[in-house]
Q: 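Got a structure for you, written out below as structure tokens; questions coming shortly.
Just so it is clear, the values below take in all heavy atoms, side chains as well, and ignore hydrogens, waters and symmetry mates. This is a predicted model, so every value here is computed, not measured. Here is how names work: the chains are called A, B, and so on, in the same order as the sequence lines, proteins then strands, and each is numbered from 1.
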Number of protein chains: 2
Amino acid sequence: MDADFFCLHSELCKTLANEKRQMILAALRDGERSVSELSERTGIGQANLSQHLATMRAHDVVRARREGRSIRYSIANPKLIQAFDLITEVMQESMERRSRTADAPGA
Amino acid sequence: MDADFFCLHSELCKTLANEKRQMILAALRDGERSVSELSERTGIGQANLSQHLATMRAHDVVRARREGRSIRYSIANPKLIQAFDLITEVMQESMERRSRTADAPGA
DNA sequence: GGCACATATTCAAATGTTCGAATATTGTTA
DNA sequence: TAACAATATTCGAACATTTGAATATGTGCC
């Protein structure tokens, strides 16, 4: 595990670490969507959406495929969904621990 | 999944999405370490290390425990290691695909 | 070709992150 | 309690990210 490894790894993480990109990924969870569908579903404006999609394409997080007039995006690797869900679990467990600690009589 | 969810989720991701913090996590993988041990292992300076540890503490990514003069850190939730490894796999698969594509005769 | 539609790119301002130097805090031990 | 060792915090400068407005590109259809 050299410096390069951590650099690449954190680049990929950074790609996932953005509220809007997460909304986009969530919208892509159950299948391909066109940019305009994504815009409707997420409420993100056209330009910004396209920018985020470009970032994710560049890091191989999503795939683009033209179909007629529109371009349909999908999640490139199902493991990304697993990772997303794992982080969700960590988040929930940490919130549970927090509320348990706050409720504890000794605190 | 509301806006809050994505905000929290991406906050946690952001905490992981940094080269140095990843080095710290990797150094904590196989057990507790004091700050000075971490500094030696990772080559990160004291102040900066402490800043990153504070960020990770704030997001419940690591735990701190005093032992004698030093403070020993550990990873708060083993699922974080799973997530780290999943992202590693995604990264590797994406690199493999890339080199296969580059080598492909049709390209 | 020329128009309309869908998506991408460029630009610049606002905002957020990272870093080391300096300094503060806090437990431990004498 | 004073001195020390270990860690934490504050500050400001450098750098990176995010955003919408404007504009460009590409595609299908007449």
Q: Once you round it to whole Å, what is the distance between P of D:dT9 and CG of B:Leu49?
A: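 Taking CG of B:Leu49 and P of D:dT9, I get 13 Å after rounding.
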Q: Would you mind reading off the distance between B:Met56 atom CE and C:dT18 atom C1', rounded to a whole angstrom?
A: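 The distance from CE of B:Met56 to C1' of C:dT18 comes to 14 Å, rounded to the nearest Å.
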Q: Output, in order, the C-alpha distance, side-chain angles, deciding distance and verdict of side chain to side chain contact (heavy atoms under 4.5 Å, CB included) for B:Glu37 and B:Arg72.
A: CA-CA 9 Å; B:Glu37 282 169 345; B:Arg72 322 210 81 220; 2.9 Å; yes
Q: Return the value, rounded to whole Å, for the distance between atom CD of A:Glu40 and atom C1' of C:dT7.
A: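 Nearest whole value for this atom pair: 15 Å.
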Q: Quick one: A:Glu11 CD to C:dT18 P, roughly how many Å, whole number?
A: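 Interatomic distance, CD of A:Glu11 to P of C:dT18: 13 Å.
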Q: Are OP1 or OP2 of D:dA8 and a side-chain N or O of B:Tyr73 less than 4.0 angstrom apart?
A: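 Yes, within the criterion.
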Q: Is there a side-chain contact between B:His52 and the phosphate of C:dT17, meaning an N or O under 4.0 Å from OP1 or OP2?
A: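 Indeed not, no polar side-chain atom of B:His52 lies that close.
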Q: Is the base of D:dG20 touched by the side chain of A:Gln51 through a donor-acceptor pair closer than 3.5 angstrom?
A: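 Result: at least one qualifying N/O pair found.
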Q: Distance check needed: D:dG26 C1' versus A:Arg72 CZ, whole Å only.
A: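 Rounded to the whole Å, the gap is 18 Å.
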Q: May I ask you to say what B:Arg21 touches in the nucleic acid, namely base, sugar-phosphate or nothing, with a heavy-atom cut-off under 4.0 Å?
A: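 Sugar-phosphate contact only - B:Arg21 comes under 4.0 Å of backbone atoms but never of a base.
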Q: Heavy atoms from C-beta onward define the side chain here; which of D:dG26, C:dT9, C:dC19 lies closest to that of A:Arg66?
A: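 Nearest nucleotide to the side chain: D:dG26.
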Q: Measuring from the side chain of B:Lys14 (C-beta onward, heavy atoms only), which nucleotide among C:dT7, C:dT17, D:dC11 has the closest atom?
A: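 Closest nucleotide among those given: C:dT17.
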Q: Please determine which of A:Leu80, A:Thr55, A:Asp60, A:Leu25 meets the side chain to side chain contact (heavy atoms under 4.5 Å, CB included) test together with A:Thr15.
A: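 Single pass found, and it is A:Thr55.
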Q: Can you tell me how far P of C:dT7 sits from CG of A:Leu38, to the nearest Å?
A: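 These atoms are roughly 9 Å apart.
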Q: Counting heavy atoms from C-beta on, name the nucleotide in D:dG20, D:dA8, C:dT7 closest to the side chain of B:Ile71.
A: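 Nearest to the side-chain atoms of B:Ile71, counting from C-beta on, is D:dA8.
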Q: Looking at every non-hydrogen atom in both residues, tell me the closest pair between A:Leu53 and A:Ile24 and how far apart they are.
A: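 Heavy-atom minimum between the residues: CD2-CG2, 3.9 Å.
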Q: Considering only side-chain heavy atoms of B:Gln46, which listed nucleotide, C:dA8, C:dC11, D:dA8, is closest?
A: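 Output: D:dA8.
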Q: Where does the angle between the aromatic ring planes of B:Phe84 and A:Phe5 fall among parallel (under 30°), tilted (30 to 60°) and perpendicular (over 60°)?
A: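 It falls in the tilted class, 30° to 60°.
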Q: Mind calculating the distance between CZ (A:Arg65) and P (D:dG26) to the nearest angstrom?
A: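 After rounding, the gap between these two atoms is 20 Å.
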Q: Nearest of C:dT9, D:dA8, D:dT27 to any side-chain atom of A:Ala47?
A: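 Output: C:dT9.
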Q: Between B:Ser50 and A:Asn18, just flag the one whose closest nucleotide in DNA chain D comes earlier from the 5' side.
A: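 Its nucleotide being nearer the 5' end, the pick is B:Ser50.
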Q: Hey, which sits more toward the 5' end of DNA chain D by its nearest nucleotide, B:Arg69 or A:Asn48?
A: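 Its nearest nucleotide lies further toward 5', so the answer is B:Arg69.
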Q: How far apart are the C-alpha atoms of A:Gln51 and A:Asn48, what are their side-chain angles, what is the distance that settles it, and do they pass the side-chain hydrogen bond (donor to acceptor under 3.5 Å, both in side chains) test?
A: CA-CA 5 Å; A:Gln51 288 159 349; A:Asn48 193 209; 3.1 Å; yes
Q: How many whole angstroms separate atom CD1 of A:Ile44 from atom C1' of D:dT19?
A: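 The distance from CD1 of A:Ile44 to C1' of D:dT19 comes to 12 Å, rounded to the nearest Å.
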Q: For the side chain of B:Ser34, starting at C-beta, report the closest nucleotide among D:dG20, D:dA8, D:dT7.
A: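 Among the listed nucleotides, the one closest to the side chain of B:Ser34 is D:dT7.
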